[in-house]
Amino acid sequence: MTEIQLDDDAALIVVDVQQGFDDPYWGRRDNPAAERNIVAVIREWRARGRPVVLVRHDSTSPGSPLRPECPGNAVRAEVLAALGPEEPGLLVTKSVNSAFYGAPDLDAWLRARGIGQLVVIGVQTNMCCETTARMAGNLGYRVLFVIDAMHTFDATGPDGEVVTAEDLTRATAASLHHGEFATVLPTATLLTASAS
């Protein structure tokens with residue numbers, strides 16, 4: 001595996017870790033360790049004084065548990081506890097897949113602070129996390145994609161076949177790696193790089 005270089009001011013992008021993703025609406029998920037790993041990364045970022053960006057999905061889809069008026073729109077309690085009393089550096093709200101198409105402007109906030117490296121964690125692996133990572137790569141950011149600090153759900157393809165969450169995660173990792181959008185790594189590697 002490639003040695004990880006982590007900037008002192010690398011920004012952590014915590015994508016859509018919301019209560020509504022526990023709803024049966026979404027179906028079967030993968031990676032039951034995701035929340036534990038997400039919390040571990042947030043705590044490390046807070047301990048090092050690095051910037052944290054919290055992203056929340058305010059769905060406009062009928063029936064979605066992530067709609068702003070639904071309890072499921074709230075950020076998960078364990079994430080809030082890991083963040084502690086200090087507010088995140090930025091809260092971005094969005095209604096599409098990319099955190100770069102939310103408010104306030106994530107790209108402008110990062111560039112104003114001279115931040116060139118992003119660490120992406122959250123939900124869903126192949127949706128908002130992957131889209132945010134791809135766009136970040138296109139915008140010139142160096143992206144670390146922490147594949148086991150996220151999860152996704154089974155999905156039905158256009159042929160009617162169900163693709164498992166595990167296969168979607170593997171495909172995301174391969175696409176980001178092969179396309180050089182991001183460096184894909186596990187939580188343990190990131191935490192080791194952060195501590196060194």
Note to self: If we count only N and O atoms by modelled type, under 3.5 Å, do the side chains of D58 and S95 hold a donor and an acceptor together?
What the structure shows: no

Check: Charged N to carboxylate O under 4.0 angstrom, R43 versus E78?
Finding: no

Margin query: What I want to find out is whether D7 reaches R142 closely enough, with some N-O distance under 4.0 Å, to be called a salt bridge.
Written below: yes

Next item on the list: Calculate, to the nearest 0.5 Å, the distance between atoms CD1 and CG belonging to I38 and L12 respectively.
Entry: 9.5 Å

Check: Would L168 end up clustered with V123 when hydrophobic side chains under 4.5 Å apart are linked, directly or stepwise?
Finding: no

Note to self: Is it true that T187 and R36 share a donor-acceptor pair across their side chains at a distance under 3.5 Å?
What the structure shows: no

Next item on the list: Output, in order, the C-alpha distance, side-chain angles, deciding distance and verdict of salt bridge (Lys or Arg N to Asp or Glu O under 4.0 Å) for E166 and R29.
Entry: CA-CA 8 Å; E166 291 82 1; R29 66 170 271 188; over 6 Å; no

Next item on the list: Look only at the side chain of S61 and the backbone of S64, and say whether a donor-acceptor pair between them is shorter than 3.5 Å.
Entry: no

Notebook entry, point to check: When rounded to the nearest 0.5 angstrom, what is the spacing between CG in L118 and CD1 in I13?
Noted result: 5.0 Å

Check: Once you round to the nearest 0.5 Å, how far does NE2 of H57 lie from CG of L66?
Finding: 6.0 Å

Check: Quick one: is the NZ or CZ of R134 closer than 6.0 Å to the six-membered ring centre of F181, and within 45° of its axis?
Finding: yes

Notebook entry, point to check: What distance separates N31 CG from N37 CG, expressed to the nearest 0.5 Å?
Noted result: 6.5 Å

Margin query: Membership question, hydrophobic clusters at under 4.5 Å side-chain separation (ILVMFWY): are I4 and I121 in the same one?
Written below: yes

Checklist line | N/O donor-acceptor pair under 3.5 Å between T125 side chain and H151 backbone | finding: yes

Notebook entry, point to check: Is it the case that R67 and N73 place a side-chain donor and acceptor less than 3.5 Å from each other?
Noted result: no

Next item on the list: Could you give me the CA-CA distance, side-chain angles and deciding distance for T172 and N126, then say whether side-chain hydrogen bond (donor to acceptor under 3.5 Å, both in side chains) is met?
Entry: CA-CA 6 Å; T172 290; N126 61 314; 5.3 Å; no

Notebook entry, point to check: Does any N or O in the side chain of S194 come within less than 3.5 Å of the main-chain N or O of L190, such that one atom is a donor and the other an acceptor?
Noted result: no

Notebook entry, point to check: Should L139 and V55 be counted in the same cluster of Ile, Leu, Val, Met, Phe, Trp and Tyr side chains packed under 4.5 Å apart?
Noted result: yes

Item checked: Ion pair R48/D8, N-O distance below 4.0 Å -> no

Next item on the list: Without swapping roles, check the side chain of R50 against the backbone of R46 for a donor-acceptor pair under 3.5 Å.
Entry: no

Notebook entry, point to check: Short question: side chain of W26, backbone of G20 - any donor-acceptor pair under 3.5 Å?
Noted result: yes

Notebook entry, point to check: Would a distance-only check, ignoring hydrogens and angles, find a side-chain to backbone donor-acceptor pair under 3.5 Å from T132 to A99?
Noted result: yes

Note to self: When you measure from the side chain of Q124 to the backbone of F21, do you find a donor-acceptor pair of N or O atoms at a distance under 3.5 Å?
What the structure shows: no

Next item on the list: Please answer whether the main-chain N or O of M127 pairs with a side-chain N or O of T131 as donor and acceptor at a distance below 3.5 Å.
Entry: yes

Item checked: Linked, directly or transitively: V53 and V39 (ILVMFWY side chains, under 4.5 Å) -> no

Margin query: What's the separation between atom CG in D22 and atom CD in E35, rounded to the nearest 0.5 Å?
Written below: 7.0 Å

Notebook entry, point to check: Could you state the interatomic distance from CZ (F100) to OH (Y141), rounded to the nearest 0.5 Å?
Noted result: 5.5 Å

